[in-house]
Every structure is written in structure tokens, then in C-alpha cells.
**Q** 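Input: one structure, supplied below.
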Amino acid sequence: MIRSTFFRAFRFSRICTTAPVFPKASLLAIRRWNHPHLQLRSQRFYSESFTLGDEIPPEVANLNVQTYHEEADTLLESLSNQLEDLSQKYPESVPEVELTQGVIQLELQGIGSYVINKQPPNKQIWLASPVSGPNRFDFYQNEWISLRDGSKLLDILTDEVNQAVTQEEVRLTSSD
């Protein structure tokens, strides 16, 4: 009996040498400690609500994938065109703008590099900004809005582009 208990305990833990010393509940804790991947099956790594704990609006949760792609592509194409125009007018302020496969890479002089990209699994557009940091935006009420703080993608970008382009007031829009 002791030998079979020893082998059973040895399977659960690489630390213990004798099974009668450990109660059954302790073996379970040791097993989880030695095999953390066993715990991952019961945990969720996605969110059903946004950061504030409120419910996601039905308009966001039920957004059609085709509509998401159309709206996101329209916005990214429009932003790319507007930023390209700025880059041609003020190459010292906006030295680089590139749209490739749903990702805009933008360089603003004196501020840094931006990445604006689609996230199809979440039906979001993500912004990585050296000024305001990372943020994600959902298509809500015909605008790209952060459900975390209510900020609008175009407002954030407009403010930050205006910090780099001081020669004129820039107003970015969702269409050309």
C-alpha cells in the first residue's frame, strides 16, 4: 500500500519523496504548482465587457464582420490619404506615412512613431501612440470610440498631429 501511494504521489509532484507525509489536499496544490498549464483550461483570456465593467453596447457586440472591414478600411484609407497630403506639404514634420495590409505606420517629427492597425478578431482598430499610449477603438454610433474612456480615434490623432504640424491647423476626418 505504501509503495503504490508513493508512486501516485510521485506522479503528482517531483518534490515529495513519501506520500504518507502529505494529505490529499496538499498533493493537489503541488500538482497545480508543478503543472500550471493544467489550470489554463478553466480560465478565460477574453473579455465580455470593457474595462469599466459595464456591458458592451449591442451595436458593438453585434457588429457584422463585413461592416467592420468596410468601415475600418474606409477609415484607414482616408487617414492614409490625408496624412500623405500632409507629408507632401510638410515633409519635415511628417516624414513617413505608409499603409500596408491594414496597418498605417506614421512618423511625426519630434514626437515619434505611430502604428494604427485593424484587429479583425476583436473588430477594433488599435492605436499605438508615443504620446497617448496604446488604445483600442470600437465602431460605435458611426465613430471609432474607445469604450474604456470614451475618447475618439480621430480626435486623439488630430491633437497629436497638430503638435507636429505647427504651420496650419489640421483636422482629420473619416472620409477624404
Side-chain angles (χ1 to χ4, degrees), residues 36-37 39-176:
H37 63 279
Q39 298 173 30
L40 299 180
R41 292 186 185 138
S42 64
Q43 295 178 359
R44 289 187 336 202
F45 290 99
Y46 60 91
S47 174
E48 291 181 357
S49 64
F50 57 91
T51 309
L52 299 177
D54 299 331
E55 290 186 22
I56 294 177
E59 182 181 341
V60 172
N62 300 325
L63 180 64
N64 182 331
V65 174
Q66 183 178 357
T67 304
Y68 160 76
H69 283 291
E70 290 170 0
E71 294 295 335
D73 290 339
T74 299
L75 176 77
L76 292 176
E77 194 69 41
S78 173
L79 276 177
S80 176
N81 291 339
Q82 294 173 65
L83 293 168
E84 283 284 343
D85 291 344
L86 281 174
S87 180
Q88 290 175 1
K89 280 173 88 173
Y90 310 109
E92 67 284 348
S93 298
V94 186
E96 181 185 348
V97 177
E98 183 179 340
L99 172 62
T100 307
Q101 296 179 350
V103 178
I104 294 178
Q105 294 180 345
L106 168 66
E107 179 76 30
L108 295 179
Q109 188 64 35
I111 295 178
S113 297
Y114 289 75
V115 177
I116 307 160
N117 64 301
K118 291 171 55 173
Q119 283 293 322
N122 302 343
K123 295 187 265 183
Q124 296 175 328
I125 290 181
W126 287 9
L127 167 69
S129 161
V131 177
S132 58
N135 208 340
R136 43 189 126 176
F137 299 88
D138 293 282
F139 191 69
Y140 180 58
Q141 297 177 345
N142 293 323
E143 291 187 277
W144 291 96
I145 297 176
S146 170
L147 295 181
R148 291 180 172 183
D149 59 9
S151 61
K152 298 177 183 178
L153 173 62
L154 292 174
D155 292 346
I156 291 172
L157 281 174
T158 297
D159 291 343
E160 295 181 17
V161 167
N162 277 317
Q163 292 175 21
V165 179
T166 57
Q167 296 88 340
E168 72 174 82
E169 182 72 21
V170 176
R171 184 72 194 151
L172 298 173
T173 61
S174 58
S175 60
D176 292 331

**Q** Name the orientation class of the two ring planes belonging to Trp144 and Tyr68 (parallel below 30°, tilted from 30 to 60°, perpendicular beyond 60°).
**A**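 Because their plane-to-plane angle is over 60°, the rings of Trp144 and Tyr68 count as perpendicular.
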**Q** Could you check whether any side-chain N or O of Thr158 sits under 3.5 Å from a backbone N or O of Leu154, counting only pairs where one atom can act as donor and the other as acceptor?
**A**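 Side chain of Thr158 to backbone of Leu154: a pair is present.
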**Q** Where is the tightest heavy-atom contact between Ser129 and Glu160, given as atom of each residue plus distance?
**A** OG-OE1, 2.6 Å
**Q** How long is the gap from OG1 on Thr100 to CG on Asn117, to the nearest 0.5 Å?
**A** 12.0 Å
**Q** Can you tell me if Glu96 uses its side chain to pair, donor with acceptor, with the backbone of Gln105 under 3.5 Å?
**A** no
**Q** Using side-chain heavy atoms (C-beta onward) and a distance below 4.5 Å, is Gln141 in contact with Glu59?
**A**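 Side-chain contact under 4.5 Å: yes.
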**Q** Please give me the minimum heavy-atom distance between Phe139 and Leu63, naming the atom from each residue.
**A** CB-CD2, 4.0 Å
**Q** Within a strict 4.5 Å, meaning less than it, do heavy atoms of the Lys118 and Gln101 side chains meet?
**A**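 Side chain of Lys118 against side chain of Gln101, heavy atoms only: no contact under 4.5 Å found.
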**Q** Quick one: are Leu157 and Leu127 in side-chain contact, heavy atoms under 4.5 Å?
**A** yes
**Q** Supply the atom-to-atom distance Glu84 CD to Leu79 CG, rounded to the nearest 0.5 angstrom.
**A**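 Nearest 0.5 Å value for the CD-CG distance: 12.0 Å.
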**Q** Side chains of Glu71 and Lys123: does their closest heavy-atom pair fall under 4.5 Å?
**A** no
**Q** Considering only heavy atoms from C-beta outward, does the side chain of Pro57 approach that of Leu147 to under 4.5 Å?
**A** yes
**Q** Answer yes or no: is there a donor N or O on one side and an acceptor on the other, between the side chain of Tyr90 and the main chain of Thr166, under 3.5 Å?
**A** no
**Q** Do Val103 and Ile116 make a side-chain contact, defined as non-hydrogen atoms from C-beta onward lying under 4.5 Å apart?
**A**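 A side-chain contact is absent here, since even the closest heavy-atom pair is not under 4.5 Å.
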**Q** Tell me, do Glu168 and Lys89 make a side-chain contact under 4.5 Å, heavy atoms counted?
**A** yes
**Q** How long is the gap from CG on Asp149 to CD1 on Ile156, to the nearest 0.5 Å?
**A**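 Here the interatomic distance stands at 6.5 Å.
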**Q** Is Asn64 reaching over with its side chain to a backbone N or O of Gln66, donor-acceptor style, under 3.5 angstrom?
**A** yes
**Q** State, to 0.1 Å, how close Asp138 and Asn122 come at their nearest heavy-atom pair, and which atoms those are.
**A**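 Heavy atoms of Asp138 and Asn122 come nearest at OD1-O, 4.2 Å.
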**Q** State whether the side chain of Tyr114 and the backbone N or O of Pro130 hold a donor-acceptor pair below 3.5 Å, judged by distance alone.
**A** no
**Q** Taking atom CD of Glu92 and atom OG of Ser87, what is their separation to the nearest 0.5 Å?
**A** 9.5 Å
**Q** Grab the two heavy atoms, one from Gln82 and one from Arg171, that are nearest each other, plus how far apart they are.
**A** OE1-O, 3.8 Å
**Q** Without swapping roles, check the side chain of Asn162 against the backbone of Val170 for a donor-acceptor pair under 3.5 Å.
**A** yes
**Q** If you define the side chain from C-beta out and look only at heavy atoms, does anything of Val161 sit under 4.5 Å from Leu83?
**A** yes
**Q** Donor-acceptor pair, distance only, cut-off 3.5 Å: does the side chain of Ser146 make one with the backbone of Ser151?
**A** no
**Q** Looking only at atom types and distance, does a side-chain atom of Ser80 sit under 3.5 Å from a main-chain N or O of Leu76, one as donor and one as acceptor?
**A**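 Not at all, since once roles are kept as given, no pair shorter than 3.5 Å links the two residues.
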